[in-house]
Each structure stands twice: as structure tokens, then as C-alpha cells.
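For reference, the structure discussed in these notes is given below.
For clarity, every value in this text was computed on a predicted model and none was experimentally measured. Here is the naming used below: chain letters follow the sequence lines, and residue numbers restart at 1 for every chain.
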Amino acid sequence: DSGVTQTPKHLITATGQRVTLRCSPRSGDLSVYWYQQSLDQGLQFLIHYYNGEERAKGNILERFSAQQFPDLHSELNLSSLELGDSALYFCASSGGDSGFGNTIYFGEGSWLTVV
Amino acid sequence: QQQVKQSPQSLIVQKGGISIINCAYENTAFDYFPWYQQFPGKGPALLIAIRPDVSEKKEGRFTISFNKSAKQFSLHIMDSQPGDSATYFCATRYTGRRALTFGSGTRLQVQP
């Protein structure tokens, strides 16, 4: 158990809908990352938050947004969903600085199926 | 734009054999090179990591070999076991940043 908690584990929704994925980082971790994993795209970095502030953006679509709250949990909002958004969405967290020991720990993911 | 290229895509090894997975990168501003292991239905988990001032790091049966001049690093799994069957990802991280960029993954199957 990595200590990173993601909900829901599975989600089926229709095209055009909006969903919210939730993540609780490891206790004390200030950084939260979101990744998307699909069969043809591998693990794609979406966005990184540190202590409530956005720090880096990756390949995140404009239909997607995220935020990190004062209690450090994070939410990834996916809107106007398309079939191609079906994927496994991972949240990860890390603490400390950007030094060598800054291990990133992944949750078990949220499976999103868009039908 | 792919930051790190991983090969092979899949690998079948006999029990007791050596599994070798390779990654190549282009950007010299990377300062951290981890390998992650992912089992079906689970999130990736850190297996072993190296920084560019070291040429090799060994942890049990797992070894990272790092060739800075060639901009390549590889994972060697000695005495491969069926329990090692998983998908392995190499990753890189820009100096001063925290997010990782992952390779495309290698699905390893160790046959008993």
C-alpha cells in the first residue's frame, strides 16, 4: 500500500458528461501529480500541484482541470468526455524537496470508461 | 515529443535468466533516472533509481547501468523469477523539477 488513496476505483459514464476523480496523498506529502495511462500512450504526465499551487503542466487537455485543496487532497475534473478519454488515471504524491530522495508514490488508479 | 525511448516493448525470459531493458534520452538536463514496476491492477512502484554521477547501482537482483556519454540507462534483472513478471517503466526528471516523464513501458514475462 503506497498510502495514496484514489476514488472512485471504477467509473463508467457517457460521452459529454463530466466526472471528478479524487486523490488523498500520503500523509505529509505536499506534491500531487496526475497521470493518465492508456494502452497506446503509456503513462502521460498531466499536472503537478505543490501545496495548493500548480507547478507544472504536461499533456493535459483544456477539458481537464485539477486543483489541490488546503488539506492537500486533489481533484481531477474531466469534462465533455469523449470515448478517447477512457483510461486509467493515476494520482501520485511526493514530499520533501526535489532532491534524489524525492520518491513519487502512486495510487492504484481510477478506471474511467466512457461509453 | 518523446523524452525517453524504451525498448523492448515486450520481453520473455526463462526463469533464472537475465532480463535487460534499455532506455535512451536526449536531454542532458535530467538529474534522476528511476525505474518503476507495475503489476496488473496496481499503480507503478519505484524499483530502483540512479543519478547521473553514478555509473551503476545494484539493489539485490536489480541493477541500473548508466552511460552518461551515450545518454542511455538500462535495468538488469538477474536470476529472473516468475514473480518479476510485470510492466517496467524507465523515467527521467528535469533538474529542479519533480514530475517524472516515463518511457513507454516493457512488459516482462518470466516463464517457469
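Enclosure of atom CG in Leu61(A) by more than 12 non-hydrogen atoms of other residues, nucleotides or ligands within 6.0 angstrom is indicated. Few gaps surround CZ on Arg63(A); more than 12 heavy atoms of other groups in view lie less than 6.0 Å from it. Within 6.0 Å of atom CD in Gln9(B), 12 or fewer heavy atoms from other residues, nucleotides or ligands are found, so the atom counts as exposed in its surroundings.
No single ILVMFWY cluster, assembled from side-chain heavy atoms under 4.5 Å apart, contains both Met78(B) and Leu108(B). Under a hydrophobic clustering in which Ile, Leu, Val, Met, Phe, Trp and Tyr are joined whenever their side-chain heavy atoms come within less than 4.5 Å, directly or via other members, Val13(B) and Ile21(B) fall into the same cluster.
With contacts defined as side-chain heavy-atom distances shorter than 4.5 Å, the pair Gln37(A)/Phe89(B) qualifies.
Arg98(B) forms no cation-pi arrangement with Tyr33(A), by the criterion of a distance under 6.0 Å to the ring centre and an angle within 45° of the ring axis.
The two atoms that bring Leu100(B) and Phe45(A) nearest to each other are O-CB, 4.0 Å, heavy atoms only.
Neither the backbone nor the side chain of Ala45(B) comes within contact range of chain A; no heavy atom of the residue lies under 4.5 Å from a heavy atom of that chain.
Remark: Tyr36(B) OH to Ile104(A) CD1 distance equals 5.0 Å, nearest 0.5 Å.
Chain A forms more heavy-atom pairs under 4.5 Å with one residue of Ala99(B), Gly43(B), Gly105(B), Pro44(B) than with any other, namely Pro44(B).
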